[in-house]
Every structure is written in C-alpha cells, then in structure tokens.
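Sequential numbering from 1 along the given sequence is applied to the chain's residues.
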Amino acid sequence: MVTSVSSTSSSSASTSTSSSTSSASSATSKAASGQNVMKALGSGSGIDTASLAQSLVDAERAPRADAINKNIKKNEAIVSGYAAVKFALSAVKTAFDDLKDVSDFSSVIASSNQTDIFSVSTGSSTQPGSHSVLVTQLAQEQRSASTQSFTSASQVITTQPLNLYLNGSNAPSIAVTTATPAGVVDAINKAGQGLSAQLVNTGNGYKITVTGASGNSNAFVLSSDAIDLDFGAISLNRPQISQSSQSFAAGDTAMAASPLSLTLNGDTANPIVVDPPTPDTFVAAFNGSAAAQAKGLTANYYGGKLTVTSPSGSANAFSLLTDNGDALAFVQKQSAKDLCMTKPLQEAKDAALQVNGLPITSSSNAVSDVIAGVTLNLTGINATSVNGFVQATGSAATLSLANDTSVAKAKLNALVTAYNDASSLLSEVTNPKSSLATYGGTLAGNSSVRALRDQLRRLVTDDSSTAGGSSGTGPARTLSALRDIGLQVDKNGKLTANSVTLDLALNFKFADTVTLLSGNQENQTAFSLDASGLAGDASKALEKMLGAAGTPTIETDNANKRITKYQDDLTALEERMTRILARYQKQFAAMDSMVGQTKNTQTGLTSTFEGMMAMYSNK
C-alpha cells in the first residue's frame with residue numbers, strides 16, 4: 001500500500017492559503033490599531049465602540065471565510081488524493097513495462113557437466129538448447145626472454161644508440177632512450193606495440209621477459225642493435241651499419257684541412273687515403289681499397305651523410321677511425337648479428353575446439369559467435385587431436401541452455417503486488433471512514449476514481465491482443481489472458497497468482513506465455529499498429545491514463561484552478577471586511593460625538609438649573 005506520495009500542487013495551494021491568511025491578519029492588525037486610537041479619543045458614550053465594530057465585522061466574516069477555507073481544503077485533498085493515485089498507477093505501469101518486450105524474457109541459465117573445461121557468459125540473444133564441446137588446445141601468448149643475463153637493472157647494455165626491431169623490420173620499431181635492462185622494459189611497455197615486458201631476477205642475474213597477445217597471429221620476433229641483447233625465437237642476421245655523425249654537401253672540402261687517413265679494423269699500417277677530402281672522393285677511395293673489398297664493406301653518400309655497410313653476420317663487424325678527430329666521426333647505427341633460432345619460453349597458439357562437431361579456432365580463450373549469444377571462456381582441455389582427428393579423453397562436455405523462468409515469475413509476482421497496492425489505494429482514497437494518513441477519504445464520492453478502478457481491473461482481466469482464442473489459432477495459441485497462466489482477480493478484488501498454473505505455463509508453454517504478454521515485440525512505439533501483447537496493451541493504456549489527457553491530471557488541474565479561485569474569494573472577502581470595519585468605525589465615531597455633545601448640554605443645563613435653585617433658595 002502506498003504510504004508516501006509527494007504532491008507539489010497541494011503544497012503550492014497550502015502556501016497560497018497561508019499567504020492569504022497572513023494578508024488578512026495584517027489587515028486586521030492595522031484595523032485594531034485604528035480602533036485603539038478611536039477608543040482612546042472617543043469616550044463620550046462610555047461604550048467600547050472599537051470592540052463593537054470589530055465584533056460585528058468578525059460575525060459577518062466568519063461563516064463566509066469558513067465556507068471558503070472548507071472548499072480550499074476539500075480541493076487540496078483532491079490534489080493529494082490524485083497524486084497518490086498517479087503514484088500507484090505508475091507502479092503498475094512499471095510492472096507491465098517489465099513484461100512488454102521479448103527481451104524481458106531472454107534470461108537463460110547455462111550449465112555444463114564439465115565446469116573445469118569452460119565457463120559460460122550469456123546475453124540477450126541466447127536461445128535455449130544443448131551443445132557438445134570438445135577442447136584440444138587453449139590459446140596462449142608467446143613469452144620470450146633475453147638470452148643474456150644482466151648483473152643489475154641499471155647495467156649499461158651498449159654505449160651506442162639502442163633500437164629494437166619487431167618482426168624483421170629494417171626500420172626501428174622501438175627506440176630505447178636508456179640502454180639498461182630497466183630502460184628496455186620501460187621502452188617496450190610504452191611503445192604500444194601489443195607487447196608487455198618485465199624484469200625478472202632469476203637468482204643468477206636479471207632477464208628481460210617479453211609477452212605478446214594470445215593466438216598464432218600474435219607471434220613475434222624481437223631483436224636489437226646491441227650484440228649483448230637478443231630475445232631468442234627466430235631473429236634474422238643483420239649487417240653492421242655505421243654513419244657519419246656530421247652532414248656534408250657534395251664536393252665539400254671542409255671534411256678536413258688535409259687528406260684524410262682512414263683506419264679500418266685497427267690496421268694502421270694500411271690506411272685508406274682520401275684526397276681531396278670530399279664525400280665523393282671518400283666513397284671512391286673506400287670502395288676501391290683492398291681492405292674494404294676484402295671485408296665486403298661498401299660506402300655510400302646519401303642525404304648529406306656518409307654510410308658504411310657490412311655483410312650480414314657478427315663476423316663482419318668492423319671499426320672505422322679517422323685521423324682528424326671529431327671533424328669526421330662514424331656512429332654505429334646497427335650492429336652485425338647472426339641468425340638466431342632459439343625457441344621462446346612459450347609459443348603463441350590459437351585455441352582449438354569442436355562445437356557440435358564443427359572445428360573452431362580462436363586467438364583468444366574467450367570464444368564468441370559460435371553459439372548465438374554465448375561466450376565460452378575456455379579453461380581446460382578434454383580432448384586430443386591426432387592428424388586432425390579429435391578424440392575426447394573422457395567424454396564431450398555438454399552445455400545446456402534453458403530459459404530462466406524464475407526471472408519471468410518474479411516479474412509477474414511484482415505485477416500482482418503493484419496491482420493490489422493500487423487497488424487498495426483506490427479503495428482507501430474513496431472510503432470516507434479510511435484510517436490511512438494523508439490520503440484516506442480524500443476522493444470520497446468521486447465517480448472518476450471508480451472509473452479508474454474499472455479500467456485498472458480490465459487491464460488484468462481482458463484478453464490479450466495476441467490471444468490464442470477459443471480455437472487456439474491466435475499468436476499465443478492456447479493462452480488468451482492472465483487467467484490462463486494463473487493470474488486472476490478473486491472475489492475480494494485482489495489479483496492472485498496460482499503458483500502451480502504459473503509454473504506449468506512457464507515451464508511447458510514458455511514461448512506462448514512470452515507471446516501472450518509481449519506480442520514478441522521489442523521497444524514498440526506507441527504509434528505501432530502491431531499487436532502488443534497483454535503487457536504492451538496495458539502499458540499503452542496506462543500511459544494515456546497518466547498523461548495530460550488522463551483523469552488524474554485533468555482532475556488535479558481542475559482542483560488547482562478551484563483552489564486559486566477560492567483564494568481569490570478569500571482575499572476579496574478580507575478587503576470587503578476591511579471596508580465595512582472602516583464604515584462602522586466612522587459611524588460609531590459620529591454617534592459617540594453626538595452622545596458626547598448631548599451629555600455636555602445635559603451637564604450645562606443641570607448646572608444652570610442648580611444655580612437658579614440656589615439663587616432662589618438664598619432669597
């Protein structure tokens with residue numbers, strides 16, 4: 001039963017009434033002040049004319065003001081009563097809204113006879129059914145570790161610029177700004193390449209471990225410039241590339257003040273002479289030297305810089321020094337490395353499974369889109385695959401998907417509660433002897449409420465727009481109304497739910513029950529002409545009842561208009577009483593003045609007569 005409803009209109013009316021009363025009190029106070037003055041000045045008659053005038057006005061005002069205030073309170077009660085009715089009807093609409101869409105019945109219970117093999121997540125599109133699941137391989141990510149161990153997290157790996165290369169790319173994929181194990185880990189984690197790294201203390205030094213995403217397609221090859229840093233797996237052999245740190249223009253002789261002398265691999269006895277010292281002469285002299293040709297080294301001039309490249313493989317590493325100090329210095333941009341075939345700690349693999357006999361692969365252990373509305377979260381293996389033939393190690397896992405009837409039953413029971421609360425409230429607001437605080441009896445004798453109660457009752461007793469009908473050929477087949485699924489109004493007007501009948505309908509006629517209530521509609525608009533089902537029909541009807549053209553809103557608006565009119569009448573009455581009081585005061589003042597004059601004349605005559613008597617008596 002509703003016990004608390006907010007009524008803005010009632011509060012507004014009460015505030016207006018208080019304002020009118022306050023204005024009246026102020027006017028009365030001013031009148032009283034005038035009366036006190038009059039009483040003090042005019043006492044010729046000896047009568048309290050101020051109190052007399054006020055009493056006459058109060059006697060005239062009281063019955064009229066009481067009648068107006070009674071009407072105001074009556075209409076304020078109507079506003080409060082209809083606020084409670086709207087609240088109760090809104091609760092019924094909410095209950096019907098929870099039953100009007102087909103998705104309101106989409107809850108499915110998933111169960112498996114092998115919970116150690118997978119767990120299940122279901123969605124709104126999940127359909128009841130049974131499925132066989134065999135899992136032969138879980139998806140896993142590649143995990144690689146540096147083949148070298150480091151003495152500390154801050155050990156310097158190389159003094160040359162350090163770059164990491166991903167999947168055989170010739171262009172650096174990750175630039176390492178701090179060439180230490182900790183710096184490499186930080187650079188990998190910030191690179192956004194789908195890799196994560198951490199530094200592990202193995203007890204025999206520190207190793208860098210790198211992990212990718214799960215699935216075959218996410219396998220990776222990671223290599224570096226540094227000779228002392230590789231990550232196993234399969235990394236390609238690489239040439240050494242050294243480049244001048246300075247840039248020169250073609251034909252520029254500013255490379256040196258005199259001919260250059262180049263020392264290759266420390267062979268100072270056989271320098272390579274560059275004369276004149278220009279970029280073009282450098283390339284010609286270097287490539288024409290016996291020492292460079294013996295090592296397979298080539299020099300190029302491109303983009304303003306000189307570059308020397310070796311063949312691939314660590315055996316082809318070289319050093320190159322010049323005799324002019326920093327004027328021409330070469331920086332190693334890439335170190336020479338051999339082909340590496342070391343296996344990673346863990347290889348990347350796809351998940352492999354069969355669902356209802358259909359082979360499935362997935363890069364993730366969360367397998368979706370195989371069973372509509374279902375995600376299989378793989379956690380174990382229950383089969384093996386030999387030459388493509390899948391054989392269960394025990395038995396296939398069975399996934400059972402069944403309608404969760406408990407959700408629908410709870411929603412129908414909520415409808416029963418909401419309906420009975422609304423029905424009870426409608427009885428209380430029309431009962432003049434009701435003991436319900438605030439709202440009891442507020443709409444006694446109101447015929448509109450009786451009409452609302454009849455409309456509410458028809459919502460739960462009439463046939464659905466998708467009723468099966470007597471022939472059972474309608475959309476809901478054997479079901480036509482709520483009574484067919486165990487919900488019916490008893491002799492006391494209460495909606496009751498027969499649990500046995502309801503359970504039978506939900507367990508054996510679930511699809512028909514959904515059609516009966518929702519019409520198999522989803523988010524149907526109010527303008528749709530398609531059958532909405534019983535809950536959809538009721539929701540539309542209640543929407544109109546609670547709308548601007550509905551009885552509660554119209555009756556509330558009319559009551560508020562009457563309250564405003566009565567408040568205006570009260571104000572007009574107070575103004576009229578103020579004018580009457582002023583007239584009485586004026587009339588009584590004139591009367592008091594006349595009585596005073598008469599007394600004065602009486603006093604004068606008495607004095608004259610007494611003087612005359614005294615005069616005659618003395619004689």
Side-chain angles (χ1 to χ4, degrees), residues 1-13 75-101 103-104 407-408 410-431 434 436-443 446-462 464 482 487 489 493-495 497 517-519 521-528 532-560:
M1 179 174 291
V2 179
T3 57
S4 176
V5 181
S6 174
S7 174
T8 304
S9 299
S10 179
S11 299
S12 175
N75 283 277
E76 287 176 342
I78 292 174
V79 172
S80 296
Y82 272 113
V85 169
K86 291 184 73 172
F87 182 85
L89 293 179
S90 294
V92 177
K93 182 180 183 302
T94 298
F96 274 119
D97 286 346
D98 284 343
L99 295 164
K100 72 181 182 65
D101 292 324
S103 61
D104 293 327
V407 174
K411 291 179 177 180
L412 286 165
N413 283 326
L415 172 62
V416 170
T417 300
Y419 176 89
N420 288 334
D421 284 349
S423 179
S424 176
L425 179 76
L426 291 173
S427 296
E428 291 292 339
V429 296
T430 55
N431 180 10
S434 172
L436 177 64
T438 307
Y439 309 109
T442 53
L443 300 176
N446 192 310
S447 59
S448 296
V449 179
R450 289 193 294 272
L452 284 176
R453 182 186 296 163
D454 292 340
Q455 293 178 55
L456 182 63
R457 182 186 179 92
R458 287 196 297 272
L459 295 181
V460 297
T461 57
D462 284 356
S464 169
L482 287 179
L487 274 65
V489 178
K494 296 291 184 182
L495 183 62
L517 295 169
S518 71
Q521 300 292 332
E522 185 67 28
N523 296 323
Q524 187 185 46
T525 67
F527 306 102
S528 175
S532 306
L534 192 145
D537 297 338
S539 179
K540 290 179 181 179
L542 285 164
E543 184 75 26
K544 293 180 180 179
M545 291 167 65
L546 294 168
T551 297
T553 300
I554 292 175
E555 291 289 337
T556 298
D557 290 344
N558 290 338
N560 280 322

Which heavy atom of [X] sits nearest to which heavy atom of [Y], and what is that distance?
X: Ala549; Y: Ile554; value: O-CD1, 3.4 Å
X: Thr442; Y: Gly81; value: OG1-CA, 3.2 Å
X: Val92; Y: Ala418; value: CG2-O, 3.4 Å
X: Gly440; Y: Ser434; value: CA-OG, 3.4 Å
X: Ala497; Y: Val416; value: CB-CG2, 4.2 Å
X: Ala84; Y: Leu425; value: O-CD2, 3.0 Å

Practice prompt. Just do the side-chain contact (heavy atoms from CB on, under 4.5 Å) check on Ser424 and Lys494 with the steps written out, would you?
Written response: CA-CA 9 Å; Ser424 176; Lys494 296 291 184 182; 3.9 Å; yes

Discussion item. For the CD atom on Glu543, are there more than 12 heavy atoms of other groups (residues, nucleotides or ligands in this structure) within a distance under 6.0 Å?
Written reply: no

To the nearest 0.5 Å, what is the distance between [atom1] ([X]) and [atom2] ([Y])?
X: Leu534; Y: Lys100; atom1: CG; atom2: NZ; value: 13.5 Å
X: Phe96; Y: Leu542; atom1: CZ; atom2: CG; value: 6.5 Å
X: Asp98; Y: Lys93; atom1: CG; atom2: NZ; value: 10.0 Å
X: Leu426; Y: Leu89; atom1: CG; atom2: CG; value: 6.0 Å
X: Ile78; Y: Asn75; atom1: CD1; atom2: CG; value: 4.5 Å
X: Thr94; Y: Leu99; atom1: OG1; atom2: CG; value: 11.5 Å

Do [X] and [Y] have a side chain donor and acceptor closer than 3.5 Å?
X: Asp97; Y: Ser539; value: yes
X: Ser423; Y: Arg457; value: no
X: Ser528; Y: Gln524; value: yes
X: Ser532; Y: Gln521; value: no
X: Thr553; Y: Lys86; value: yes

For the backbone of [Y] and the side chain of [X], can you confirm whether one donor and one acceptor N or O come within less than 3.5 Å of each other?
X: Asn446; Y: Ser448; answer: yes
X: Asn431; Y: Gly441; answer: no
X: Lys411; Y: Asp104; answer: yes

Worksheet item: Between Tyr419 and Val489, is a side-chain contact (heavy atoms from CB on, under 4.5 Å) present by the stated rule, with each step listed?
Response: CA-CA 10 Å; Tyr419 176 89; Val489 178; 4.3 Å; yes

Fill in: Minimum side-chain heavy-atom gap Ser80-Val429 below 4.5 Å
no

Discussion item. Please determine whether a side-chain nitrogen of the Lys or Arg among Asp454 and Arg450 lies less than 4.0 Å from a carboxylate oxygen of the Asp or Glu.
Written reply: no

Discussion item. Could you walk me through whether Leu487 and Val460 satisfy the side-chain contact (heavy atoms from CB on, under 4.5 Å) test, starting with their C-alpha distance in whole Å, then the side-chain angles of each, then the deciding distance to 0.1 Å, before giving a yes or no?
Written reply: CA-CA 8 Å; Leu487 274 65; Val460 297; over 6 Å; no

Worksheet item: Could you go step by step and tell me if Thr551 and Val449 meet the side-chain contact (heavy atoms from CB on, under 4.5 Å) rule?
Response: CA-CA 8 Å; Thr551 297; Val449 179; over 6 Å; no

